[in-house]
Amino acid sequence: MSAPLPTTAPSSAGPRERVFRTDIQALRAVAIGLVLLNHLWPTRVTGGYVGVDVFFVISGFLITGHLVGEMTRTGGVRLGAFYARRIRRLLPAAFVVLAASLVLLVAFLPYPRWGRNAWEIASSAGYVENWYLAAMSVNYSALNDAASLVQHYWSLSVEEQFYIVWPLLLLAAVAASGRIGGGSPRGSVQDRRGARALIVVVAAVGVLSLGGSIIYTVLAPPQAYFATFTRGWEFAVGGAVALLGARVTLPRIVAQIVSILGFGLIAFSALVYDHTTPFPGYAALVPVLGTAAVIVAGTSHVRLWHTKVTALGPVQWVGGISYSLYLWHWPLIVAAPFVIGAEASTLSKLGVLAISLLLAALTKTFVEDRGQKWRYWRTSTRRALGLMLVGMVVIAALVAGVLAWYQTRVDADRPPAEVVAASCEGPSAMAPGAECADAFGPAEYTVMTSKNEYFFTPPECGTFLPILTYGEKQTTLRCDFSGGAADPTQVWLVGDSHAQQWQGAVFDIAREKNWIVTTSYLGGCPVADVDFLGFRGAWGKAEADRCNTWSDELASTIRAAKPDLVITAMAARQDLVDDGSGKPASEQMSAGLVDYWTTWADEGIGVLAIADPPYNGEVRNADCVLLNSSDPVACARPRAEAQPADPVLMAGAAERSDSITVLDLTDRFCDAERCYAVIGGVPVYYDADHLNLEYVRMLAPEITAAIEEVLSDG
């Protein structure tokens, strides 16, 4: 994160002597400590992610102070030298950890995770990881991907982008106010006009960025979290403290109060905020202003109440290694379960913490510090820039090699043309009367490959239809399995990704019966006449409105198309809906489902709704089967916990039309007491939220029987 620079307190009166700020070093220790605790024990320090915001304010303060100090002394900034210093300070350690992450990736993580991780490592090397994650957060299926080894590089990417733009803005501000030159000319930072111009630009960036952050956090929260422009104001607050704070010398008692308030605000946000807090937006003001208060309180350089603690050697040491500690801790957390072959425990987490501290200390000494002293590039800006490019090319080449290896393994794992469950295999082990010796024993495989991907698209589906399209978001495909048959049965499969997970069985049935299947999916969005607000939590208004529009237009499109059958499914238990009536969300969802179903049934359309399968990621580690391959029963969970009430089943109980059937397959996942993650030697789940394609295809007979019942009644 922010580099430990000596602190210069700039003012219009000229530069001051650089003084090392133990309080700022302690803030770094606090920031990295909060991030570590949040990542290791996320349910304990739920808002520890605000440590990143603390780092951003510190960076804004230090870099602004450094730049303005140079402008005050020389009348300008040597941009090449500035960028070279940042390169020498930050890139060696960052590239070492990226290379180590590639080694961890291929040595320990299952190969299906290589692709996403490799792309993120490449994005991190180019310092655009934040924009990569922002783009992926739009892709609903990407939300279900396991955490990558380097996703924490998003904040480093934001910082690097700040380092590129910030000096240009400050120089432009002073240049616009007059002219830059030595001897305090009009327009220099030693001139009031120049100083005022800096303050105006920093304030403008802060206000515009904060406004954009607040608005974007409401409209598109996932993207807002990673976007650079939603974080720029945090750096600007640090910059404002550098410009204005040095002019203020607080009385000691006032400084004491301000520092207490500052640390209190940081602690409050770390302990009270959680993953449901809209962030950054308004909420980020609390830790940001808290950090600014601590820095302002320390500008008088008097001994404050916290000095006895913050100036302690261990605190300063942690602050000193905070950058390397930030780099190392996350890949170790992600890789640890695969290295030890077990789920994370308190002991393993403490081990990760100890190894992170050791690697950070070694990296600080032998990479960060010695890297900056390496004469070859310390004496040449061009060499620093050239070696940066070399490092990026080397990482890119390594990534390309991993991606090529990954693709060869993907090509070798294509799904078979036909899947039929034998006796005691997969869901057949749960069939009535089945007598299987070890129905819940070890699986034949535990790594999910392309043959297990529920979201595959067969060649019969062609390209997206021009209907039900919203901007760049396309939702609808026509999959022709008719083989040219006259008057084929027309079927629609609709819903969110929990409808998509059933398509493997539906396509197998369609291929056998020569159907035409039209699919329409919108991730996280229910097909129900409800006031939808979000999935698992509130979405941005634009995304929620798109969901409501798609759902309404889809219902009307189906009604006009008059297919023979609609198959629908969704994660209705996790949808957030509120029509203002005060009724429970499950009742609102149930009623909204019935409204659409009866509308279709009144048009002579058969409706088959498939109830949601038991939870996976909500009740167990998504990698539980992989980490308990010899004893998958350890992953079993109580039926009442894994399969709570489903609004789809509630709607089925309320609706009595012969044209509407609700299929409940819970007994193919659970016995009377527990729900399982491996059944009949086959893993049940593909990821934290979705079923294994192979297991779904083995359920085709049950789905076929339900379809035939609906069509015969229709």
Side-chain angles (χ1 to χ4, degrees), residues 1-8 18-41 44-45 48-59 61-63 65-66 85-86 88-94 96-97 100 152 155-156 159 238 259 262-263 266-267 270 287 290-291 294-295 297-298 301-333 349-374:
M1 304 301 293
S2 57
L5 295 170
T7 302
T8 299
R18 290 190 175 190
V19 179
F20 183 79
R21 295 276 298 268
T22 59
D23 57 335
I24 291 180
Q25 194 77 314
L27 275 174
R28 287 197 188 92
V30 169
I32 190 59
L34 292 177
V35 171
L36 280 168
L37 291 172
N38 177 250
H39 287 166
L40 288 167
W41 292 279
R44 301 292 181 87
V45 186
Y49 54 80
V50 301
V52 170
D53 305 271
V54 175
F55 277 125
F56 286 166
V57 178
I58 294 172
S59 290
F61 173 76
L62 294 179
I63 294 302
H66 175 82
R85 285 193 298 270
R86 295 290 83 205
R88 290 190 288 265
R89 170 66 186 89
L90 300 173
L91 266 62
V96 165
V97 175
H152 64 313
S155 61
L156 304 178
E159 284 214 28
S259 66
F263 278 114
I266 296 171
T291 305
V294 174
I295 296 174
H301 306 296
V302 298
R303 190 173 181 84
L304 299 176
W305 67 276
H306 60 75
T307 306
K308 286 185 178 180
V309 176
T310 57
L312 287 174
V315 176
Q316 295 295 298
W317 180 75
V318 172
I321 66 169
S322 59
Y323 175 61
S324 286
L325 186 54
Y326 184 85
L327 292 174
W328 278 113
H329 83 283
W330 184 252
L332 296 180
I333 288 174
K349 290 178 180 179
L350 291 174
V352 165
L353 179 58
I355 295 171
S356 299
L357 288 168
L358 175 61
L359 289 175
L362 293 173
T363 305
K364 175 69 167 66
T365 300
F366 296 104
V367 179
E368 288 188 57
D369 295 343
R370 293 193 180 179
Q372 293 182 82
K373 297 175 183 177
W374 184 28

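Hydrogens, waters and symmetry mates play no part in the numbers below; they use all other heavy atoms, side chains included.
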Problem set entry | Contact summary for Glu159 and Ser59, nearest pair of heavy atoms | OE1-OG, 2.9 Å

For this session: For the residue pair Trp328 and Val96, establish whether any side-chain heavy-atom pair is separated by less than 4.5 Å.
Result: yes

For this session: Please report the closest heavy-atom contact between Leu332 and Ser356, naming both atoms and the distance.
Result: CD1-OG, 3.4 Å

Seminar exercise, completed: For Ala94 and Leu327 the tightest heavy-atom approach is N-CD1, 3.7 Å

For this session: For side chain to side chain contact (heavy atoms under 4.5 Å, CB included), just list the numbers for Phe263 and Leu27, CA-CA rounded to whole Å, side-chain angles, deciding distance to a tenth of an Å, and then say yes or no.
Result: CA-CA 9 Å; Phe263 278 114; Leu27 275 174; 4.0 Å; yes

For this session: Please round to the nearest 0.5 Å and tell me the distance separating atom CZ of Phe55 and atom CG of Leu156.
Result: 9.5 Å

Exercise. About how many Å separate CD1 of Ile58 and CD1 of Ile63, when rounded to the nearest 0.5 Å?
Worked result: 12.0 Å

Seminar exercise, completed: Smallest heavy-atom separation, Ser155 atom then Val52 atom, equals CB-CG1, 3.7 Å

Problem set entry | Nearest non-hydrogen partners of Thr310 and Ala26, listed with the distance | CB-CB, 3.4 Å

Mind listing the side-chain donor-acceptor pairs of residues 30-39 below 3.5 Å, one per line with the distance, residues two or more places apart or on another chain?
residue : atom : partner : partner atom : Å
Asn38   : ND2  : Val45   : O            : 2.9
Asn38   : ND2  : Thr46   : O            : 3.4
His39   : ND1  : His329  : NE2          : 2.7

For this session: Quick one: pull up NE2 in His66 and CZ in Arg85 and give me the separation to the nearest 0.5 Å.
Result: 3.5 Å

Problem set entry | Ile24 and Phe61, any side-chain heavy atoms less than 4.5 Å apart | yes

For this session: Quick one: pull up CG in Leu357 and CD1 in Ile321 and give me the separation to the nearest 0.5 Å.
Result: 5.0 Å

For this session: Evaluate the side-chain proximity of Pro92 to Gln372: yes if any heavy-atom separation is below 4.5 Å, no if none is.
Result: no

Problem set entry | Glu368 and its salt bridge (Lys or Arg N to Asp or Glu O under 4.0 Å) partner, picked from Lys373, Arg88, Arg89 | Arg89

Seminar exercise, completed: Distance col, row Leu62:CG vs Arg28:CZ, nearest 0.5 angstrom, shows 5.5 Å

For this session: Grab the two heavy atoms, one from Ala361 and one from Trp317, that are nearest each other, plus how far apart they are.
Result: CB-CZ2, 3.7 Å

For this session: To the nearest 0.5 Å, tell me how far Asp23 CG sits from Gln316 CD.
Result: 8.5 Å

